[in-house]
There are 2 protein chains.
Amino acid sequence: MAVSTASSKEPNQASSAYERLEQDILTGHLKPGERLRLKELIVSYNTGNSPMREALSRLSARGIVTREENRGFSVPHATKESLTELLKTRCWIEEIGLRESIANGDNEWEERIVLAFHWLSQSEKSDDLVSGRSPSDLKWSKHHQGFHMALISACNSDILIDFCTQLQGRSFRYFNLAKISKYANRNELEEHRELKDATLERDAELAVSKLKKHYTTTHEILLTSDRFD
Amino acid sequence: MAVSTASSKEPNQASSAYERLEQDILTGHLKPGERLRLKELIVSYNTGNSPMREALSRLSARGIVTREENRGFSVPHATKESLTELLKTRCWIEEIGLRESIANGDNEWEERIVLAFHWLSQSEKSDDLVSGRSPSDLKWSKHHQGFHMALISACNSDILIDFCTQLQGRSFRYFNLAKISKYANRNELEEHRELKDATLERDAELAVSKLKKHYTTTHEILLTSDRFD
DNA sequence: TAACCTAATTTTATCGACAATATGAACACA
DNA sequence: TGTGTTCATATTGTCGATAAAATTAGGTTA
């Protein structure tokens, strides 16, 4: 069982366990369907009964782990069907966030996008193109997620933003599980640039179509993977 | 502190506590901002330390209670601003659910709507119109929620349905906190009927506009309440 | 009086043991 | 061989006590 090493001193053990376990699930280190036995987790993550149980409870409430009453916890299954549902839903909801942001976004919103794109493009360039799964992936992922969140960050609904964060996390897991190099026949930097430009020009229709295209392409690539049930 | 009485034998204490506490928060028996001290809850709900803590953890992960690290849990504040955000977001997301359902719904979906409307109209008629907050309210609420969920139940996204359920729960709390008779100058039965008819006739534009009008009217009524911060 | 420090109290977070439940293996029987 | 039953084991769920952290109250000084 893969385990994240304890990093910075978290406020308390439960939250620390929560974050590390979430990380290990979303990065795909813990495999779909794998059972999460309390006893083993306590050893692996070097914490106690109560904090780990609390972490699992919180994760299950957010759909990051699956729970069966009196039967324990496990890593959610990953099927092509649920991936399709996930991406479809993500398109629906991020479209709203993007349209609202384009309608309401202020200067600071534009700045957030410009900066997020800058860091994304930096990390895309510096990535080495051969070894798809390099250690820098995590950094790229953070920038990628940051960019997409910046786009919708002016929608004036923390609730919607939270939903998008959840969907992003789940998508991230499928991306990692698929084990496909993100450079497979694709110029993501250019896709992101076009998306950024359309957004900053407040061309909602174009921006939304770029966004959907972006996700649809990802979807199609991921579906070629045979790593799902 | 108000407390739900233990009802049917729940699978385990943690889940039972979860549901009862959720109920007491959403019905407004526990007031916004009220601190949820573990010790008191254990006495009130007649359960142990661990199950109650687990219930609180799960509730906080879903935004039903607020948590501050090392400072405990409390009932979320209720402000007019967050109510506005909530209803806005709900309109956005349920619109999607409704449009998708209208596009994809099958016969069973139509049957669910017909039945849900039937029970809703029954409980609306039988409610006595004077005492706004009658014990039958909870029954009406269940039917009301059931009707709105039926409308979107053919959207083919369990994720979206789960989001709608969450938003519905939070809206329900504001409704209860406002303490406004639901018959204030309003014919809800007729609103629901028009919404149902437009939906069953697969007139997406009309149905969506009826839905939004329905929620906007609710919103305006709730905003007249002075029960929020 | 107001600001600040310190100690007592309250409250949250965690631990280790125990109870309840589910799982799996061995065995009897058709 | 296949099916059902019983008992041992493993796993989840709960309890009561303790440790850690925050809050409160009292007292001291300017």
Side-chain angles (χ1 to χ4, degrees), chain A residues 1 3-4 6-22 24-25 30-31 33-77, chain B residues 1 3-22 24-25 30-77:
Chain A
M1 183 178 300
V3 170
S4 292
S7 51
S8 59
K9 54 194 174 307
E10 274 303 317
N12 58 41
Q13 295 193 57
S15 295
S16 168
Y18 178 97
E19 289 180 15
R20 290 200 281 148
L21 194 46
E22 178 184 42
D24 286 334
I25 290 171
L30 295 169
K31 296 284 171 276
E34 184 170 342
R35 290 202 61 186
L36 297 168
R37 270 174 268 258
L38 209 40
K39 208 171 166 186
E40 298 174 10
L41 294 177
I42 287 170
V43 176
S44 301
Y45 291 86
N46 188 38
T47 185
N49 187 329
S50 312
M52 184 51 76
R53 198 170 166 75
E54 178 174 328
L56 287 166
S57 298
R58 283 159 63 183
L59 287 164
S60 72
R62 299 207 114 214
I64 296 165
V65 314
T66 301
R67 134 175 266 165
E68 254 187 300
E69 208 89 329
N70 288 333
R71 297 248 213 117
F73 305 86
S74 55
V75 181
H77 287 284
Chain B
M1 183 179 301
V3 170
S4 293
T5 53
S7 51
S8 60
K9 54 195 175 306
E10 275 304 317
N12 59 38
Q13 294 193 55
S15 296
S16 168
Y18 177 97
E19 289 181 14
R20 292 200 279 148
L21 194 46
E22 177 183 43
D24 286 335
I25 290 171
L30 295 169
K31 297 285 170 276
E34 185 170 340
R35 290 202 61 186
L36 298 168
R37 272 174 266 258
L38 210 41
K39 209 171 168 187
E40 298 174 11
L41 293 176
I42 287 170
V43 177
S44 302
Y45 290 85
N46 189 37
T47 184
N49 188 329
S50 312
M52 184 52 75
R53 200 173 165 74
E54 178 174 329
L56 286 166
S57 298
R58 283 158 63 184
L59 287 165
S60 72
R62 300 206 114 214
I64 296 165
V65 314
T66 301
R67 133 177 266 165
E68 255 188 299
E69 208 89 330
N70 287 334
R71 297 247 215 120
F73 304 86
S74 55
V75 181
H77 287 284

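Numbers restart at 1 for each chain; the letters A, B, ... are given by sequence-line order, proteins then strands.
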Do [X] and [Y] have side chains that get closer than 4.5 Å, going by heavy atoms?
X     : Y     : answer
B/Q13 : B/Y18 : no
A/L41 : A/T47 : no
B/V75 : B/V65 : no

Partners of A/S74 by side chain to side chain contact (heavy atoms under 4.5 Å, CB included), sequence neighbours excluded?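 A/S74 satisfies side chain to side chain contact (heavy atoms under 4.5 Å, CB included) with A/T66 only.
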Name all residues meeting the side chain to side chain contact (heavy atoms under 4.5 Å, CB included) criterion together with B/K31; count only those two or more places apart in sequence or in a different chain, and write none if there are none.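 B/K31 satisfies side chain to side chain contact (heavy atoms under 4.5 Å, CB included) with B/E34, B/K179 once adjacent residues are dropped.
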Only counting residues at least two apart or in another chain, list the ones meeting side-chain hydrogen bond (donor to acceptor under 3.5 Å, both in side chains) with A/S60.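 Expected list: none.
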Taking atom CD of A/E22 and atom CG of A/L59, what is their separation to the nearest 0.5 Å?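 These two atoms lie 6.5 Å from each other.
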Please, which pairs that meet salt bridge (Lys or Arg N to Asp or Glu O under 4.0 Å) have at least one residue in residues 42-57 of chain B, sequence neighbours excluded? A/R53-B/E54, A/E54-B/R53, A/R67-B/E54, B/E54-B/R58
5' to 3' contact window, DNA chain C with chain B (heavy-atom distance under 4.0 Å):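 So the outermost contacting nucleotides come out as C/dT11 to C/dT14.
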Divergence of helical axes at both termini of the helix from C/dT1-D/dA30 to C/dA30-D/dT1 - five pairs an end, 10° steps: 10°
For B/Y45, does its backbone N or O pair with a side-chain atom of B/R20 as donor and acceptor, under 3.5 Å? yes
Check: B/S16 side chain, B/N12 main-chain N or O, donor-acceptor pair, under 3.5 Å: no
For nucleotides 10-16 of chain D, tabulate all protein N/O to nucleotide N/O atom pairs closer than 3.5 Å, reporting atom names and distance.
residue: D/dT12; atom: OP2; partner: A/L38; partner atom: N; Å: 3.2
residue: D/dG13; atom: OP1; partner: A/N70; partner atom: N; Å: 2.8
residue: D/dG13; atom: OP2; partner: A/R53; partner atom: NH1; Å: 2.8
residue: D/dG13; atom: OP2; partner: A/R53; partner atom: NH2; Å: 2.8
residue: D/dG13; atom: O5'; partner: A/R53; partner atom: NH2; Å: 3.1
residue: D/dT14; atom: OP1; partner: B/Q13; partner atom: N; Å: 2.5
residue: D/dT14; atom: O3'; partner: B/Q13; partner atom: NE2; Å: 3.2
residue: D/dC15; atom: OP1; partner: B/Q13; partner atom: NE2; Å: 3.2
residue: D/dC15; atom: OP2; partner: B/G48; partner atom: N; Å: 3.2
residue: D/dC15; atom: N4; partner: B/S50; partner atom: OG; Å: 3.0

